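Shown next, in structure tokens, is the structure this report addresses.
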Amino acid sequence: MTLSVDRRGGATWLTIDRPEALNALDGPTKEALVEALREAAEDPGVRAVALTGAGRAFCVGQDLRELEQGYREGRAPDFAAELERHYAPICKLLAGMPKPTVAVVNGVAAGAGVSLALACDLRLASDGARWRLAFSGIALVPDAGSTWHLPRVVGLSRAMEIALLGDWVDADQALQFGLVNRVWPAEDLPGEAEAAVAALAAGPTLAFARTKTLLRDHLGTDLAGALAGEAEAQVASGQTKDHLEGVTAFLEKRPPTFQGA
Ligand code: T3D
């Protein structure tokens, strides 16, 4: 298997496991990702999803060797079919996941690997992680949702810089750009990320899901629409067991125990 799926408490950890190819995405890995993400989305017992890579890389995007024969024969792949079959579902499943998603960027991220990280809600990285969008290096446009996510994450000017100049972005720059949320020394990343993901998995999952939807949707909404959306989501959130527990815990001066319900 080129994708390992581990349940750790309330969280599912997905580890792309092709270290010899720096976790490049071949067909079976993409199929496995789609399936694992679907299962995580549908399973109410899964309350957070983490995506990481085995070995020294996070993910270097499309497996270019898989496409080698066609290119040698002078043929580009059927991008429309490939994007529809794998990359669009992976991007939609990550972005639309009704629970928090975290990219744990343990090493190099390139091409569609950057797109995957961008589709997650949070990016926690090692100080050795470096990033390159890489599409321009092979005369392609950024895909797998990165033209949508990147300017929203880092702003249009930085997105242009990352996409057009194509330089490597190191950990310090990634923090400065807002591309990552937190950076730790490589040896601390596993423990810190585990704790952060566990905390998210112990959170108010339904409120998190609505928060994600509101934040994403309201990037394209006027204020009146956002206020209406918040009101609707708040009515629903107010009816959850977790809301009652949160307020009760506050009144009783104890930490809340959320059930994700
Ligand atoms: O269908 C579509 O829509 C197409 C979408 C395309 C989007 C994409 O994602 S295109 C791919 C974008 N990624 C890249 O361009 C990255 C290519 N890789 C590199 O530039 C370098 O490998 C790195 C700078 C990331 C790392 O360099 P280095 O020197 O540390 O390692 P290396 O020796 O180059 O790589 C180690 C192995 O990983 C090597 O295998 P080998 O020769 O030891 O058997 C290398 O071929 C393999 N590898 C790295 N990247 C890929 C890959 N194998 C397949 N596909 C890759 N993308």
Side-chain angles (χ1 to χ4, degrees), residues 1-4 14-35 37 51-95 103-120 123 125-151 153-154 159-174 179-180 186 189:
M1 290 297 284
T2 55
L3 181 77
S4 73
L14 305 178
T15 304
I16 305 171
D17 196 3
R18 302 189 67 217
E20 70 291 350
L22 304 186
N23 302 318
L25 298 165
D26 64 357
T29 308
K30 288 179 282 188
E31 288 286 338
L33 253 179
V34 172
E35 193 182 321
L37 288 169
L51 177 65
T52 192
R56 69 182 172 99
F58 172 70
C59 172
V60 291
Q62 170 62 39
D63 187 321
L64 295 172
R65 291 201 180 282
E66 183 179 58
L67 307 175
E68 183 171 351
Q69 191 178 342
Y71 278 114
R72 296 251 183 236
E73 291 165 5
R75 280 181 290 106
D78 182 347
F79 288 120
E82 181 49 37
L83 291 172
E84 186 183 340
R85 183 166 173 205
H86 290 130
Y87 286 109
I90 290 169
C91 176
K92 285 183 190 166
L93 281 159
L94 278 171
V104 179
V105 184
N106 52 304
V108 60
V114 175
S115 308
L116 260 53
L118 286 168
C120 293
R123 282 153 294 284
S126 117
D127 59 359
R130 55 195 179 117
W131 306 66
R132 190 181 218 171
L133 204 50
F135 291 85
S136 64
I138 51 172
L140 290 179
V141 301
D143 67 14
S146 53
T147 60
W148 196 91
H149 282 116
L150 187 61
V153 170
V154 300
M160 289 288 185
E161 180 180 337
I162 291 168
L164 300 183
L165 295 182
D167 296 334
W168 282 101
V169 175
D170 66 20
D172 287 341
Q173 288 170 310
L179 186 58
V180 295
L189 178 70

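Atoms considered below: every heavy atom in the structure, side chains included; atoms not considered: hydrogens, waters and symmetry mates. Note that the coordinates shown come from a computational prediction; the quantities given were computed from them, not determined experimentally. Both ligands and their constituent atoms are indexed starting at 1 by order of listing.
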The side chain to side chain contact (heavy atoms under 4.5 Å, CB included) partner of Leu165 among Asp167, Val169, Ile162 is Asp167

Here the gap from Leu118 atom CG to Leu133 atom CG, rounded to the nearest 0.5 Å, amounts to 7.5 Å

Here the gap from Arg132 atom CZ to Asp170 atom CG, rounded to the nearest 0.5 Å, amounts to 13.0 Å

So does Ala186 get a backbone contact from the side chain of Asp127, meaning a donor-acceptor N/O pair under 3.5 Å? yes

So CD1 of Ile16 and CG of Leu33: to nearest 0.5 Å the spacing works out to 5.0 Å

- Query: Any side-chain donor-acceptor pair under 3.5 Å between Asn106 and Thr52?
  - Reply: yes

Find all protein N or O atoms under 3.5 angstrom from an N or O atom of ligand 1 and list the pairs with distances, or write 'none'.
residue: ligand 1; atom: 3 (O); partner: Asp143; partner atom: OD2; Å: 2.9
residue: ligand 1; atom: 9 (O); partner: Gln62; partner atom: N; Å: 2.8
residue: ligand 1; atom: 9 (O); partner: Ala112; partner atom: N; Å: 2.9
residue: ligand 1; atom: 13 (N); partner: Val60; partner atom: O; Å: 2.9
residue: ligand 1; atom: 30 (O); partner: Arg56; partner atom: NH1; Å: 2.9
residue: ligand 1; atom: 30 (O); partner: Arg56; partner atom: NH2; Å: 3.3
residue: ligand 1; atom: 31 (O); partner: Arg56; partner atom: NH2; Å: 3.1
residue: ligand 1; atom: 46 (O); partner: Arg65; partner atom: NE; Å: 3.4
residue: ligand 1; atom: 46 (O); partner: Arg65; partner atom: NH2; Å: 3.2
residue: ligand 1; atom: 55 (N); partner: Leu64; partner atom: N; Å: 2.9
residue: ligand 1; atom: 57 (N); partner: Gln62; partner atom: O; Å: 2.9

